[in-house]
Visitor: 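Pasting a structure here, questions to come.
All residue numbers in this chain count up from 1 along the given sequence.
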Amino acid sequence: MTAFTVALVLVVAAAGLLRWRRTAWYWLAFGVTLAALRVLVRYRSVMDACGLTVPPARWRLSLARATNRPIPEPRPPRIRRLRPTRTGLVLRLKLRPGQDVFDIAAASDRLRHSFSMFGVTSREVRSGVVEVRMTGYDVLKRVQMPAEREIRAMRVPVALREDGSVHYRDYRAIPHALTLGATESGKSVYQRNLVAGLAPLDVALVGIDCKQGVELFPLARRFSALADSPDSAAELLDSLVARMADVYRLIRTQQRITVDVPDAEIAADIWDLPDELRPTPVVVLVDEVAELALYATKEEERRRDRIITALVRLAQLGRAAGIYLEICGQRFGSELGKGITMLRAQLTGRTAHRLNDETSANMAFGDVAPDAVLAAIQIPAELRGLAIAGDASGGWHRIRAPHTSLRQAVNLCNRYADRTPDLPELAPFRPTTGTATELVPSAKASPNTA
């Protein structure tokens, strides 16, 4: 009995220590089993209390009356599968007739409280089948990206969502994006994660950093072109517009629209071209877009109109030519002048870190997800890196990028410097770099800081 007591005390102490210091380990060792038992035991009563049950079928009621048996209880959605994950539980439910996926979504907070979970989200897998993802702990407090991530062409993992899944930046699905964030909100770390994810891919990176290049020039060995002032940015954007026109001429010559050519082989963008003819896709990262839109003189106003016009052209026409935009800034509002709202309309992806004003939040989400505006301006200052990510479909998620120091990003760009393509149109803007620098171990930093 004494040995059993000692062992029990050690197990309880180990569980408490893991829950305090290593929440993910505690969840995998103890929490997932307890949570699964809690869900299975409480399931019927919780669903009944949350109004997620339906009355029994009429033939069941008639059979019960005919046989003088008790009236059947209301029926909850049927559990098809209960799958544990590294961050929580995934419950797949088959809805009963008369139930809707919005019923599950509306009861998410009540389910979270009843099952003693940290968070509950739901999505419709197919008609009548709903997947409920429950997280057992705050996965955004200390972000740990899963080891197995699905990486394919023009699709890179950049952050972790609040439901424990990976947030990907997919340029084939969402060509252009807008990223906003106040000073010290974590926007720079998000941008580094994006560059780090793109560095190993066969893609050309083009940067515009009007802060004299302090953000992007340390990563210059992986960039095919960089501009550090509005004047050089105007020239660079004109070169990109010219490249876009050349790519369209190439696609036009390769369309091969004849009777005997299958529909799948007709070229409409660069991804329909053969591998040997396909131009290198280009990702354009614009840091502090407001610097490109500000002016004080007539000459600067003409330069500003030239820059915004080029950005709007690339946003409207660049996707098929393999040119994708990442527009970043602290502030984005209609006061930046004509053409800004036209540019915003072409930026499908929206990511907002902590913002200092509601106007910027409205510019990010007001036209696609109004309920995300309040979530964006309520991000606390101490949670740097936390952001709201949405798109034109109206859906949005809370995400947080893992901390990537500038040294880590520099090391990664130096490692893949041989993948930097030479684009003739952008040769005048190719950053000059010295000899290859040795990889330096990065100092250990606190997680999720900008």
Side-chain angles (χ1 to χ4, degrees), residues 145-146 148-161 165-179 190-208 216 219 222-226 240-241 243-244 246-248 250-251 254 264-287 311 313-328 346-351 387 389-393 395 397 399 401-402 404 409 412-413 415-423 425-426:
M145 299 290 283
E148 295 183 2
R149 285 166 279 180
E150 183 183 354
I151 301 177
R152 57 176 183 258
M154 304 308 296
R155 185 175 186 262
V156 295
V158 292
L160 195 67
R161 290 182 178 179
S165 60
V166 178
H167 180 73
Y168 292 92
R169 179 68 178 93
D170 191 344
Y171 289 92
R172 297 285 299 275
I174 302 178
H176 313 301
L178 172 66
T179 302
Y190 178 86
Q191 193 176 56
R192 288 176 207 156
N193 276 277
L194 192 59
V195 174
L198 292 170
L201 305 182
D202 294 325
V203 60
L205 299 180
V206 174
I208 298 176
L216 297 180
L219 316 175
R222 186 55 186 87
F223 276 75
S224 298
L226 278 171
L240 286 171
V241 172
R243 172 183 170 82
M244 180 178 65
D246 293 339
V247 172
Y248 277 128
L250 173 63
I251 295 173
Q254 296 295 323
E265 296 183 10
I266 298 176
D269 57 29
I270 65 169
W271 303 107
D272 297 327
L273 296 174
D275 293 344
E276 63 274 10
L277 295 178
R278 182 181 301 139
T280 303
V282 179
V283 175
V284 183
L285 292 98
V286 180
D287 190 72
L311 284 175
R313 282 179 176 170
L314 291 174
Q316 290 182 149
L317 307 174
R319 180 204 61 83
I323 299 178
Y324 308 102
L325 298 182
E326 286 286 342
I327 307 296
C328 303
Q346 303 296 327
L347 305 177
T348 307
R350 310 287 174 86
T351 302
D391 54 45
S393 67
H397 309 271
I399 65 170
T404 299
L412 200 61
C413 288
R415 182 185 307 166
Y416 295 105
D418 58 325
R419 289 184 172 269
T420 306
D422 291 320
L423 305 182
E425 305 91 340
L426 306 181

Visitor: Once salt bridge (charged side-chain N to carboxylate O under 4.0 Å, His left out) is applied, do any residues pair with R278, and if so which ones, sequence neighbours excluded?
Guide: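 With sequence neighbours excluded, R278 shows a salt bridge (charged side-chain N to carboxylate O under 4.0 Å, His left out) to D275, given in chain and number order.
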Visitor: With a cut-off of under 6.0 Å to the ring centre and 45° to the axis, is R155 in cation-pi contact with Y168?
Guide: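 Yes; both conditions hold, so R155 lies above the ring face of Y168.
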Visitor: About how many Å separate CZ of R419 and OG1 of T280, when rounded to the nearest 0.5 Å?
Guide: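 Answer for the OG1-CZ pair, T280 versus R419, is 11.5 Å.
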Visitor: Could you check whether any side-chain heavy atom of D202 comes within less than 4.5 Å of a side-chain heavy atom of P421, counting everything from C-beta outward?
Guide: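 Of all side-chain heavy-atom pairs linking P421 with D202, none is under 4.5 Å.
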Visitor: Strictly distance-based, threshold 3.5 Å: is any side-chain N or O of R169 a donor or acceptor partner for the main-chain N or O of I174?
Guide: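 Confirmed, R169 side chain pairs with I174 backbone.
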Visitor: Which residues pass the ring-ring contact (aromatic ring centres under 6.0 Å, His included) test with F223, sequence neighbours left out?
Guide: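 With neighbours one apart ignored, the set is empty.
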Visitor: Just so I know, are the side chains of L198 and Y171 near enough to count as touching, which here means a heavy-atom distance under 4.5 Å?
Guide: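 The answer is yes, as the side chains (C-beta and beyond) meet within the 4.5 Å cut-off.
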Visitor: Do L240 and L426 make a side-chain contact, defined as non-hydrogen atoms from C-beta onward lying under 4.5 Å apart?
Guide: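 With C-beta onward as the side chain, the pair touches.
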Visitor: Between T179 (side chain only) and T351 (backbone N and O only), is there a donor and an acceptor less than 3.5 Å apart?
Guide: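 Judged by distance alone, no pair lies under 3.5 Å.
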Visitor: Verify, without hydrogens or angle tests, whether R192 (side chain) and A409 (backbone) share a donor-acceptor contact under 3.5 angstrom.
Guide: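 It does not hold such a pair.
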Visitor: For R161, which residues count as a side chain to side chain donor-acceptor pair (under 3.5 Å) partner, sequence neighbours excluded?
Guide: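 Result, side chain to side chain donor-acceptor pair (under 3.5 Å) vs R161: H167, H397.
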Visitor: So, the side chain of N193 versus the backbone of P402: is there a donor-acceptor pair under 3.5 Å, distance only?
Guide: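 Yes, N193 side chain to P402 backbone: donor-acceptor pair under 3.5 Å.
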Visitor: Is a donor on one side and an acceptor on the other found under 3.5 Å between the side chain of R243 and the backbone of E425?
Guide: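 Answer holds: no.
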